[in-house]
Amino acid sequence: MSGDQLHNDSQIDSGSRTNDSHKHKDKHKDREHKHKDHKKDKEREKSKHSNSEHKDSSEKKNKDKDKVKHKDGSSEKHKDKHKDKRKDEKSKSSSGETKIKMEKENGFASPPHIKAEPESNHCLSPKHNKSLKRERDDDDADFKPKKIKIENEKKAKKKKQDQEDIKPKKKTKDKRGAAADGKKRVKKEPEEKWKWWEEERYTDGVKWKFLEHKGPVFAPDYEPLPSKVKFYYDGKPMKLSPQTEEVATFFAKMLDHEYTTKDIFRKNFFKDWRKEMTSEEKSILTDLKKCDFTEMSEYFKAQSEARKQMTKEEKLKIKEENERLLQEYGFCVMDNHKERIANFRIEPPGLFRGRGDHPKMGMLKRRIQPEEIIINCSKDSKIPPAPAGHKWKEVRHDNKVTWLVSWNENIQGSIKYIMLNPSSRIKGEKDWQKYETARKLKKCVDRLRNQYREDWKSKEMKIRQRAVALYFIDKLALRAGNEKEEGESADTVGCCSLRVEHIKLYPEMDGQEFVVEFDFLGKDSIRYYNKVPVEKRVFKNLQLFMENKQPEDDLFDRLNTSILNKHLQELMDGLTAKVFRTYNASITLQQQLKELTNPDENLPAKILSYNRANRAVAVLCNHQRAPPKTFEKSMQNLQTKIDSKKDQISASRRELKSAKADAKVRRDEKTKKCVESKKKAVQRLEEQLMKLEVQATDREENKQIALGTSKLNYLDPRISVAWCKKWDVPIEKIYNKTQREKFAWAIDMAEEDYEF
DNA sequence: ACGCGGACTTAGCAACATACCG
DNA sequence: CGGTATGTTGCTAAGTCCGCGT
């Protein structure tokens, strides 16, 4: 019934769909889909275990009586770019055999135990969330930065450090901290840290009232090579003009990287290099193959070797110089407070290397001149001077944005910015708000889920697609998937931009029904591979969406991120696709922590539990990393240690035994004591062994999973802080110094009973 | 609606710094 | 004390999403 029905229905509209889903703009000439880079992806490949379904109570009662059709007039606009054969070897990717065992950890993020709280209105009502705190009074009279509170941070810090270095009386003060971060120079923060989270916030898009900074630091000028370092063309030495030589050095420095052997890289490089050449050079240097950079390359290797061999003093000097630069340019004043800048250096010139199969790899990233720089600061601030003999492109005073400096980048034509550090108020507030939005989603996620399940039955194709896509985003934490211009970057996709070739449907597989196999490259060309059983209705819809389409056609041809987000916005104020990732990540952490933490276990075991919870999130979000180069070896080392520890234990046991025997015979105080101490020794060793084993497990499980990204971007830090408080785990075990700075707000405000 | 520029978040990797081991 | 394993920071590419102009 429903199947046939659907089928028929779909034919009604398949006409129109097929029509345009097959007309392709021909802008996509061809792209050679080589995907050589797949090696890496393969290595990382893993199969995620299937996730459990949302509760699917209402399943049976919905028959597919509805008609599916496109609303006529509905934009027949297809995202019909992908014509060419993007078929590539992906298919041969053996389905996830490498898999990382994670059992339920990677389960679907929605915990069953969250009951629907009764505030649908909460979510519906637009614009009511307003602020976490009172609004900031905007006519705040004395908001001008007359006095800068933390102005002496620098000095204070310095002094502190000195102190520290001199007399390590740190222990008293920072006993908990000492363990986790450096024992010696525990850098002290300035006494009273500014708690911006206790202040009112701006409304109406104003980001600051006062902003002063020193401008960017430019890349050092090019220093020509010593004349003894030769470049050869066709076997003959050739002196290059400085600009030409500079670009040549970029290539030389990459010589032993694999990508200098790639055609696209070489082609792009050579084309851009030639643009830098004098006409004479241009006429001579016509073939990259005849260019010999090896002497240059050797020279740079020697240089970096020499750098490593520098004496302590030399190194210290460099360090001091860097520190000076940081102190001068690394901070700004924003609204009365000195704040750290994230990236105060302009990106130096070099050869572009995108990630994955990037069509622009090898292109020359130009050196940026002051004349290309836009400075943003407040009118009444001291405007940073341009370098001598130069001027800025523009100085503007836009307090509706957060950046201090911007420039255009020549590879993608995008804008680059200098902005503040994550510890800054402006970033922190935003981050906090992000988690508040996710918590708001928590309150209405059940309603939303019911909604999209209903929409699977809609008669409008567009709505069905939207609903299925949303299901994926929710269940699998996929990214939204904006359209990308073809040929501008690597061919990667997200949910809305999935193509037919990226999924395979299996009505039945390994005893499970309705399995969808995903295999595509996502952000940063990281492979997403997963086999998921889905609800029947989803499965049927997918079949419908795929009817009469080519592999390179869009799966959701009536959907894009803008349509989806518009819909989400209507369901909940502030809701967009990425909120689901945040929500599902955070709720998974919370729930996993609850599940995995064993109150009786010791500290290392608790931390392992935390890492496992964290890992469950990383798996959900597909945060992968290349296995560390030294992984096997370090694993082996650890095993050796474990083995020797075991030996020690048995030796120690034997001693204990004989001591006991001895004690039985001699029955004096001394031997008794001896037994006791042997007993202790065994215990201690066993504890050490445990710790090592835990470490080994942790590391093994972490082989190709990156925890950092989720920790930094997806997990409400208050969950972690609360967990630490609850179980008496020092926060330093979970967050390093940078992370503690970024999450200072959460550390300060979350209590042990915090609920996401 | 749509396409695009702009602003801002999220991402993995490499270089660097520090802890650790023999 | 030097060399290596491990943790941290810097770097910048690659996403998301919004708002504007058409």
Side-chain angles (χ1 to χ4, degrees), chain A residues 40 44 73-77 79 180-185 205 207 257 304 307-308 315 318-319 322 326 342-348 350 352-356 358 360-361 365 374 376 398 400-403 406 408-409 411-417 419-422 426-427 430-431 434 479-485 488-490 492-497 521-526 560-566 568-569 574-579 581-582 585 618 621-626 628-631 633-635 637-638 641 695 699 704 706 708-710 712-714 735-739:
Chain A
K40 200 184 218 162
R44 295 175 167 195
S74 80
S75 95
E76 292 300 308
K77 150 147 235 91
K79 311 171 290 179
D181 47 16
K183 358 223 96 170
K184 28 185 115 219
R185 37 172 75 255
K207 302 291 170 55
H257 239 113
S304 81
R307 223 170 307 130
K308 273 188 229 152
K315 281 184 182 162
I318 293 177
K319 213 174 150 186
N322 278 335
L326 170 67
N343 55 323
F344 55 91
R345 289 168 203 273
I346 302 285
E347 296 172 17
F352 176 83
R353 170 56 166 121
R355 313 206 184 156
H358 199 116
K360 297 192 172 182
M361 65 171 78
K365 202 166 95 168
I374 303 176
N376 193 33
D398 183 354
K400 299 275 205 289
V401 298
T402 68
W403 53 268
S406 75
N408 274 137
E409 162 269 353
I411 303 289
Q412 311 283 359
S414 65
I415 310 170
K416 299 271 192 169
Y417 304 93
M419 291 182 186
L420 296 193
N421 199 67
I426 209 151
K427 293 291 183 189
K430 198 84 185 293
D431 204 38
K434 172 181 79 186
R479 296 188 185 82
N482 283 311
E483 294 115 295
K484 308 168 68 181
E485 204 168 334
E488 293 295 301
S489 60
T492 63
V493 297
C495 186
C496 293
S497 48
L521 298 183
K523 183 179 179 179
D524 293 323
S525 293
I526 296 292
N560 61 38
T561 54
S562 141
I563 295 171
L564 178 65
N565 280 333
K566 217 161 276 166
L568 292 176
Q569 185 59 234
L575 186 62
T576 62
K578 86 188 188 72
V579 177
R581 257 168 95 80
T582 312
C621 295
N622 202 227
H623 291 141
Q624 299 188 33
R625 63 168 183 174
K629 303 218 179 327
T630 58
F631 185 83
K633 202 165 89 187
S634 87
M635 217 52 210
N637 289 162
L638 202 52
K641 274 199 215 164
Q695 201 186 342
R699 191 178 302 175
Q704 20 187 210
T709 304
S710 49
L712 231 49
N713 299 301
Y714 288 103
Y735 290 137
N736 69 27
K737 179 159 164 295
T738 320
Q739 294 165 161

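Chain letters run A, B, ... following the sequence lines, proteins first, then strands; residues in each count from 1.
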A/L712 has an atom CG; how far is it from atom P of C/dG7, in whole Å?
17 Å
Is the side chain of A/Q704 donor-acceptor paired with the backbone N or O of A/Q624 at a distance under 3.5 Å, no angle test?
no
With distance as the sole test, does A/N713 use its side chain to make a donor-acceptor pair with the main-chain N or O of A/T709 at under 3.5 Å?
yes
Test side chain to side chain contact (heavy atoms under 4.5 Å, CB included) applied to A/E488 - qualifying residues, sequence neighbours left out
A/K360, A/Q412, A/E485
A/N421: partners by side chain to side chain contact (heavy atoms under 4.5 Å, CB included), with sequence neighbours left out
A/R340, A/S423
Show, in sequence, the C-alpha distance, side-chain angles and deciding distance for A/K484 and A/S497, and conclude whether the side chain to side chain donor-acceptor pair (under 3.5 Å) test is met.
CA-CA 9 Å; A/K484 308 168 68 181; A/S497 48; over 6 Å; no
Return the value, rounded to whole Å, for the distance between atom CD1 of A/I374 and atom P of B/dG5.
15 Å
Out of C/dT8, B/dA11, B/dA7, minimum distance to the side chain of A/I415 belongs to B/dA7
Give A/G522 one of three labels, base, sugar-phosphate or nothing, depending on what nucleic acid heavy atoms sit under 4.0 Å from its own.
sugar-phosphate
On DNA chain C, compare the nucleotides closest to A/V493 and A/M635; which residue's is nearer the 5' end?
A/M635
Residue-phosphate contact under 4.0 Å: A/T402 side-chain N/O, B/dA7 OP1/OP2:
no
Nucleotide B/dA14, atom P - distance to CZ of A/R625 in whole Å:
13 Å
So, for A/N408 and A/G413, which heavy atoms are closest and what is the spacing to 0.1 Å?
ND2-O, 4.4 Å
Rounded to the nearest angstrom, tell me the gap between atom CG in A/N322 and atom P in C/dT8.
20 Å
Nearest whole Å is fine: how far is C/dT8 P from A/N421 CG?
16 Å
Residue whose nearest DNA chain B nucleotide is more 5′ - A/K566 or A/W403:
A/K566
With a 4.0 Å cutoff (strictly under), does any side-chain N or O of A/N736 reach OP1 or OP2 of C/dT8?
yes
Which whole-number value in Å describes the distance from A/N408 CG to B/dG5 C1'?
10 Å
At less than 4.0 Å, is any side-chain N or O atom of A/S406 found next to OP1 or OP2 of B/dG6? Yes or no.
no
Roughly how many Å is it from NZ in A/K737 to P in B/dC16, rounded to a whole number?
19 Å
Please assess A/R479 against A/C495 for the test side-chain contact (heavy atoms from CB on, under 4.5 Å), listing each intermediate value before the final yes or no.
CA-CA 6 Å; A/R479 296 188 185 82; A/C495 186; over 6 Å; no
Does the A/N482 side chain pair with the main chain of A/N560, one donor and one acceptor, at a distance under 3.5 Å?
no
side-chain hydrogen bond (donor to acceptor under 3.5 Å, both in side chains) partners for A/S406, two or more places apart:
none
Close N/O contacts between protein and nucleotides 11-13 of chain C (under 3.5 Å):
{"unit_1": "C/dA13", "atom_1": "OP1", "unit_2": "A/K365", "atom_2": "NZ", "d": "3.0"}
{"unit_1": "C/dA13", "atom_1": "OP2", "unit_2": "A/K416", "atom_2": "NZ", "d": "2.5"}
{"unit_1": "C/dA13", "atom_1": "O4'", "unit_2": "A/R355", "atom_2": "NH2", "d": "3.4"}

Scoring nucleotides 17-22 of chain C by protein non-hydrogen atoms under 4.0 Å (B base, S sugar-phosphate only, - none) yields BS----
May I ask you to verify if any side-chain N or O of A/R479 is less than 4.0 angstrom from the OP1 or OP2 atom of B/dA11?
yes
Given atom NZ of A/K308 and atom C1' of B/dA15, what is their separation to the nearest angstrom?
11 Å
By nearest-nucleotide position on DNA chain B, the 5'-leaning member of A/R307 and A/A706 is A/A706
Output yes when at least one side-chain N/O atom of A/R581 is less than 4.0 Å from OP1 or OP2 of B/dA11, else no.
yes
Examine B/dA11: is either OP1 or OP2 under 4.0 Å from a nitrogen or oxygen in the side chain of A/Y714? Give yes or no.
yes
Strictly below 4.0 Å: does A/T492 bring a side-chain N or O up to OP1 or OP2 of C/dG15?
yes
Flag, side chain of A/Q569 to backbone of A/G574, donor-acceptor distance under 3.5 Å:
yes
It should be established whether A/K484 places a side-chain nitrogen or oxygen under 4.0 Å from OP1 or OP2 of nucleotide C/dG15.
yes
Those residues that, when tested against A/Y714, pass ring pair (Phe, Tyr, Trp, His ring centres under 6.0 Å) (two or more places apart)
A/H623
